[in-house]
Trainee: 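Have a look at this one.
Per chain, numbering begins at 1; letters A, B, ... match sequence-line order.
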Amino acid sequence: MSGNTAANSSVNNAGISVGNQAAVKAANWLPQAIALYKKDILAETRTRVAINSVGLFAFASLFLLTLATRGLGEVQSIRILSLPLHGITLADVEKAQIPAWTGPSKLGLLWVLLCFAAFAGLAHGFVHEEEAGTGTALRLTMNPQAVYVGKLSFNLTLLSLIAVLVTPFYMGLTGMHAGAWPAFLVVMLGGCLGLGSTATIIAVLASKARGSGALFGAIGLPIIVVFLMLLLNAANTLYNAEATTMRMVQDFGGLMSFGVLLISVSAFTFKFVWEE
Amino acid sequence: MDQAEVNAEVTGLTARNSDAEARRICIRFREVTHRFGPRSVLENISAEVHTGQVGIITGSNGSGKSTLLRVAAGLLTPMAGEVEIQVDGRTLCPDDRRSAIGLVAPDLTLYRELTGAENLSFFARLRGIDPTREMLIEALTEVGLRGRGRDMVSGYSSGMRQRLKYAFAMLGRPPILMLDEPTANLDVEGIAMVERVVAIQKARPDGGIVLVATNEPRETAWGIPLIQLEATR
Amino acid sequence: MAQTGTANNTGSATAPGRLAPWKIACGAIMVYVIYGSFFVAGGAEGFRVGGDGARAIFFHVPAAILSSVLYFAGMWYAAVFLFGKKQNDMEADAKSGICMELGALFCLLATITGSIFAGIQWGVFWNWDPRETSIIVMLLLYAAYLILRGAMAGKPAARARLSAVYALIALVPAQYLIWAVPRLLEGNHPTNTLRDPAMTSLGYKLVLYPSFLAFAMLTVWLFQLRFRAYRLAASREETL
């Protein structure tokens with residue numbers, strides 16, 4: 001053994017080159033993120049697991065939803081009897097007369113649908129890497145930040161694609177109007193950003209815990225509830241003809257900021273979940 | 001606590017040159033301790049490997065060979081202690097460390113839904129290398145997979161997958177190779193390929209190190225016994 | 001070694017079997033608060049059942065405030081675990097977990113007492129006003145955190161990292177509960193109870209402030225007990 005070692009040592013002295021320095025230079029994180037994104041797209045075009053599960057879920061629930069809401073077109077009758085006995089104001093009565101199946105509630109329900117669809121499929125990205133054992137190869141070669149950016153971009157692409165496919169059908173089936181188009185697009189974009197960022201960080205958490213499937217829903221739900229509140233708030237402003245510009249900036253900005261904040265916090269904390 | 005010294009038998013460093021120029025790359029295990037739950041897997045492991053050496057880690061099943069290799073590769077943060085990798089006296093940061101290590105291990109898998117060539121070109125990009133056609137063909141030829149680059153990895157046999165892992169580990173010619181059960185699933189020709197890879201790596205003019213975790217007598221003869229692990233309880 | 005560490009850090013210097021004076025004080029104040037809520041504070045005008053409905057706030061408000069304070073405390077320890085200088089600081093993780101457990105307990109108590117109060121005061125046990133909505137989401141966040149911790153039992157290192165990250169992630173929805181939810185549900189919520197003149201009367205202050213103190217002391221006490229239990233379990237595991 002010692003003879004072997006001595007032989008090795010003699011090899012050591014043989015050459016000191018710059019090649020070694022080049023070999024230990026780390027790759028930049030952005031090209032890594034782009035490479036991961038392209039790999040995910042390529043793999044997805046082969047297996048279509050994520051797009052099929054999200055898409056199928058979205059269209060199946062769209063069908064169920066239209067089936068269940070057929071009768072909601074008419075103005076709701078006043079149900080004074082169900083109101084508390086004291087303190088009924090005129091405003092309360094007027095509120096009871098507004099049809100419940102309006103623009104904001106239609107848009108809200110579309111996003112409830114998209115949320116559940118996203119939760120059905122977006123976990124796949126991380127769960128698959130962990131289950132197949134390819135996560136080890138990624139951890140060995142990739143900067144954790146790059147993994148986060150790559151996976152987030154893929155999830156956002158997938159979600160936007162589903163939203164673009166489902167929304168026209170939904171509009172046709174429920175008669176939802178877009179309102180002002182630029183504002184509508186801002187709300188949809190803010191929605192994709194918020195939902196995509198939530199699903200991404202929750203997916204990596206769930207993929208690292210036991211029984212990932214059930215856990216994904218359980219720990220994602222409280223965050224999604226708050227996100228949906230912000231989205232409903234923005235939807236109310238979107239369909240309110242009297243909404244001031246200030247209010248629009250506030251409410252749409254509030255929705256956008258949810259995604260932006262969640263992405264920043266996730267970017268800081270991602271590596272603690274990803275690495276072991 | 002003293003018992004730990006017995007657990008990790010540190011040998012093989014006696015013949016090392018004392019002058020600084022010889023040790024250009026160095027893997028240093030410093031009192032690495034890790035446990036899963038209450039069960040202690042690694043206790044106070046300390047050792048050093050230097051350029052041109054092949055360090056062999058042996059130990060019975062469940063003694064923590066793979067865990068130790070994962071710690072060395074930076075895949076697992078130990079509960080106490082650390083594994084430091086130095087190049088010319090400079091300690092590598094996590095990013096540089098990643099590109100300095102090539103790993104072949106049973107729990108490392110490549111993408112089954114991609115072809116062999118696609119796998120290699122993806123991981124080459126992650127390593128900052130532009131994957132040319134020639135480079136991919138060369139990498140595949142080196143591990144005896146020439147002509148199989150267009151096939152899906154899901155259609156590969158287990159031996160072919162093991163060969164592809166070698167092509168993956170050697171992308172970018174990392175100065176450090178870590179091999180866990182290096183010849184698992186390989187035929188005679190494959191074993192010869194691995195022995196060639198190890199021999200070339202340790203004799204690299206620009207300096208190379210190999211860490212091997214194995215119990216095969218034939219493989220332990222490749223280098224110096226570095227760490228011998230014993231199963232705790 | 002582990003044993004000496006435990007003995008040094010159990011907090012109070014009391015001999016076993018004897019209570020520290022502040023713990024006795026905590027008990028005394030609690031007894032006073034229960035007495036005072038019926039006999040020091042009078043019935044508040046504008047509240048049902050002859051104003052007696054208002055007496056719930058002596059227990060409801062401190063519990064509700066503690067549940068958010070404990071959330072931020074738990075988050076603080078989560079940040080200490082992740083970004084602190086000490087590597088693998090399992091005690092910070094334990095503290096974070098304990099804060100969340102206690103926070104969940106107080107959140108549940110605040111929800112129940114609040115619902116009873118709402119039922120007596122407004123005739124409905126649940127009305128989805130901003131505070132009720134916030135507390136339900138808070139309860140969901142706590143539950144999700146504890147479910148995550150439970151699912152990771154047996155893998156302490158991973159559990160510590162994952163639950164710490166979840167605590168920090170949940171800060172994003174939690175901060176929206178403060179400003180966005182009241183706006184979203186504006187017009188629905190009943191009169192702001194705490195601005196009621198009866199609430200600011202001397203009798204109420206004499207009970208409410210000691211109640212805050214007693215609840216805070218009780219929380220510290222519970223925290224110490226849970227942390228001591230954690231240390232004992234940890235040292236036992238080490239010697240195994």
Trainee: Check each atom of A/Ile34 against the heavy atoms of chain B and say whether the ones under 4.5 Å are side chain, backbone, both or neither.
Mentor: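 Nothing of A/Ile34, per the 4.5 Å heavy-atom cut-off to chain B.
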Trainee: Could you check which of A/Arg139, A/Lys38, A/Arg46 has the highest count of heavy-atom pairs closer than 4.5 Å to chain B?
Mentor: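 Max contact count across the listed options: A/Arg46.
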Trainee: Against chain B, label A/Ala132 side chain, backbone, both or neither, depending on which of its atoms sit under 4.5 Å from a heavy atom there.
Mentor: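 Just the backbone, heavy atoms under 4.5 Å.
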Trainee: Tell me, out of A/His128, A/Glu276, A/Glu129, who's got the most heavy-atom pairs with chain B below 4.5 Å.
Mentor: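 Top count of heavy-atom pairs under 4.5 Å with chain B: A/Glu276.
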Trainee: Given the rule in the side-chain hydrogen bond (donor to acceptor under 3.5 Å, both in side chains) test, do A/Thr200 and A/Tyr148 qualify, once you have shown the distances and angles that lead to the verdict?
Mentor: CA-CA 8 Å; A/Thr200 305; A/Tyr148 176 68; 5.8 Å; no
Trainee: Do any N or O atoms from the side chain of B/Asp88 and from the backbone of B/Arg90 form a donor-acceptor pair under 3.5 angstrom?
Mentor: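 No, the answer is negative, given that no donor and acceptor are paired below the 3.5 Å cut-off.
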Trainee: Please, which pairs that meet salt bridge (charged side-chain N to carboxylate O under 4.0 Å, His left out) have at least one residue in residues 153-165 of chain B, sequence neighbours excluded?
Mentor: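 For residues 153-165 of chain B: B/Arg163-B/Asp187.
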Trainee: Check B/Arg125 with B/Asp130, please: is the shortest side-chain N to carboxylate O separation under 4.0 Å?
Mentor: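 Salt bridge between B/Asp130 and B/Arg125, a charged N being under 4.0 Å from a carboxylate O: no.
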Trainee: Can you see whether A/Tyr170 engages A/Thr66 through a side-chain donor-acceptor pair at a distance of less than 3.5 angstrom?
Mentor: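 No, no side-chain donor-acceptor pair sits under 3.5 Å.
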Trainee: With only heavy atoms counted, which part of A/Thr47 is less than 4.5 Å from chain B, the side chain, the backbone, both or neither?
Mentor: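 For A/Thr47, the side chain is the part near chain B, not the backbone.
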Trainee: Could you check whether A/Phe169 and A/Phe59 have their ring centres less than 6.0 Å apart?
Mentor: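 Yes; A/Phe169 has its ring centre under 6.0 Å from that of A/Phe59.
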Trainee: Identify the two heavy atoms, one from B/Ile129 and one from B/Leu171, that lie closest to each other, and give their separation to 0.1 Å.
Mentor: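 For B/Ile129 and B/Leu171, the tightest heavy-atom pair comes out as CD1-C, 4.1 Å.
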Trainee: Would you please indicate if the ring centroids of A/Phe116 and A/Phe57 are separated by under 6.0 Å?
Mentor: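 Not under 6.0 Å, so no.
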Trainee: Looking only at heavy atoms, which of residues 109-118 of chain B get nearer than 4.5 Å to chain A?
Mentor: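 Within residues 109-118 of chain B, the residues that come under 4.5 Å of chain A (heavy atoms only) are B/Thr109, B/Leu110, B/Tyr111, B/Glu113, B/Leu114, B/Thr115, B/Glu118.
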